[in-house]
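Scroll down for the structure; my scribbles are underneath it.
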Amino acid sequence: MAGIYIHVPYCRQACSYCNFHFSVSRRTQADFINAICKEIGLQRTFFDSLHMEGGRPVLKTLYFGGGTPSILSISDLLKIIGRLDACFSLDAVEEITLEANPDDLTMEYLVALKQTRVNRLSIGIQSFHLSDLKYMNRVHSPAQAFQSIKNANKAGFENISIDLIYGTPTMNDTMWRENLEYILDLGIPHISAYALTVENKTPLEYMIRKGRQAPVLDDHIARQFNIMQKMMQKYGYLHYEISNFALPGHFSKHNLSYWQGVPYLGIGPSAHSYKNQQRFWNIANTSAYIDSVEKGESPHTSEILSETQALNEYVMTSLRTMWGCDLDNVAARWGNTRVDAIRRMAQKFIDKGLLEEMGSNLIITAKGKLFADGIAADLFE
Ligand code: SF4
């Protein structure tokens with residue numbers, strides 16, 4: 001079974017570090033909702049090899065990401081879910097996630113949201129400290145961050161994930177520990193934590209370049225990553241992907257499908273899709289996206305991955321997970337020669353204690369996790 005991602009490209013305020021596709025103007029929002037519903041219809045045959053029910057492909061997960069999906073009204077969300085249900089079967093759906101910002105999560109909104117089929121919230125808290133929120137130009141306050149979690153629990157949402165960012169120059173290690181402790185004390189079952197990355201052409205990159213904001217330092221990030229690994233382990237969380245921790249039984253089912261090569265469909269501007277070793281990406285321009293869908297045209301570009309690209313992608317994504325890179329799978333799909341080459345290149349990392357071989361799997365050690373992407377790149381064909 002597969003999943004669908006819906007990209008909602010609107011935000012109330014631009015975070016300084018963000019390079020996702022979004023706009024703070026909501027001028028196009030009504031047309032966007034209609035276009036999303038239309039694209040869902042255009043893509044109803046995307047999953048050609050899925051189990052069908054009543055002529056509709058059966059879905060396992062839905063994920064509303066962005067942008068800020070919680071900016072949508074409940075009636076807009078219901079309209080999209082209803083359209084999905086008409087074109088795909090949601091009868092067996094296990095997880096419907098909505099990414100939300102704290103300032104949107106009023107009691108009124110959450111009570112209404114609970115009546116929809118959304119059963120998982122991913123709340124973009126990033127930090128509980130005002131100095132960090134200001135540095136990142138987040139729209140919410142620390143009080144709203146705390147209140148949003150309280151409200152979500154009160155409204156009956158148990159499956160909650162919190163996003164945090166570490167490595168901001170405004171956050172010392174004590175403050176980082178406090179951020180984690182707040183969440184651990186609340187028993188939040190899933191945490192996604194990202195190192196602050198200074199992306200090109202973002203306001204943050206500009207301000208650092210002009211000396212108006214303090215730079216982001218690698219050793220600060222590394223130290224806070226290590227603090228997090230130790231604390232999460234102590235509280236019984238599984239570090240199941242480099243940026244994701246969960247209590248047993250609370251992995252993100254939708255994100256797991258990305259890392260396990262399961263086909264997925266992305267709807268909306270800039271959304272990506274994958275099936276049969278082929279990648280698709282929609283145009284990252286909301287007006288052009290709407291125009292294209294209005295004309296009945298799928299607004300995407302695609303590429304077929306070569307065997308080498310597919311292998312490298314498998315090595316990269318699998319090494320980032322706690323299950324690691326399955327060399328039996330590599331042998332079956334790409335041949336024993338590739339396995340021999342990967343083993344040869346992996347040896348130096350095994351000697352340094354950054355990688356280990358368990359059964360047929362190559363797994364990154366706790367010490368190696370900070371360097372996961374570099375190690376994976378070194379194992380590429
Ligand atoms: S709310 Fe999310 S998508 Fe919107 S600007 Fe901030 S980080 Fe980017």
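Atoms within each ligand, like the ligands themselves, are counted from 1 in listed order. Here the structure is a predicted model, which is why all the values come from computation and not from measurement.
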### Query
Can you check whether Y264 and Y258 have ring centres sitting under 6.0 Å from each other?
yes
### Message
Would R138 count as a contact residue for ligand 1, given that I'm defining contact as a non-hydrogen atom of the residue lying under 4.0 Å from a ligand atom?
### Response
yes
### Task
Please examine the side chains of V58 and D91, heavy atoms only from C-beta on, and report whether any two atoms are closer than 4.5 Å.
no
### Task
State plainly whether the residues K201 and E205 are in salt-bridge range, i.e. N to O under 4.0 Å.
no
### Summary
Closest to atom 2 (Fe) of ligand 1 (heavy atoms only, candidates S16, S23, G65, G67) is G67
### Task
Find all atoms of ligand 1 within a distance of less than 4.0 Å from any non-hydrogen atom belonging to F22, and give their numbers and elements.
5 (S)
### Query
Taking 4.0 angstrom as the limit, do K253 and E95 come out as a salt bridge?
no
### Task
Identify the protein heavy atom lying closest to atom 1 (S) of ligand 1, giving its residue, its atom name and the separation to 0.1 Å.
N101 ND2, 3.4 Å
#### Entry: Taking atom 5 (S) of ligand 1 as the reference point, the nearest protein heavy atom with its distance
C15 N, 3.4 Å
### Message
If the threshold is 4.0 Å, N to carboxylate O, is there a salt bridge linking D104 and R12?
### Response
yes
### Message
Counting backbone and side-chain atoms alike, is an N, O or S atom of C11 positioned under 2.8 Å from atom 8 (Fe) of ligand 1?
### Response
no
### Query
So, are K367 and E356 salt-bridged, with charged N and O less than 4.0 Å apart?
no
### Message
Which residue and atom name correspond to the protein heavy atom nearest atom 8 (Fe) of ligand 1, and how close is it?
### Response
C18 SG, 2.3 Å
### Task
List the closest protein heavy-atom neighbour of atom 7 (S) of ligand 1: residue, atom name, distance to the nearest 0.1 Å.
Y17 OH, 3.4 Å
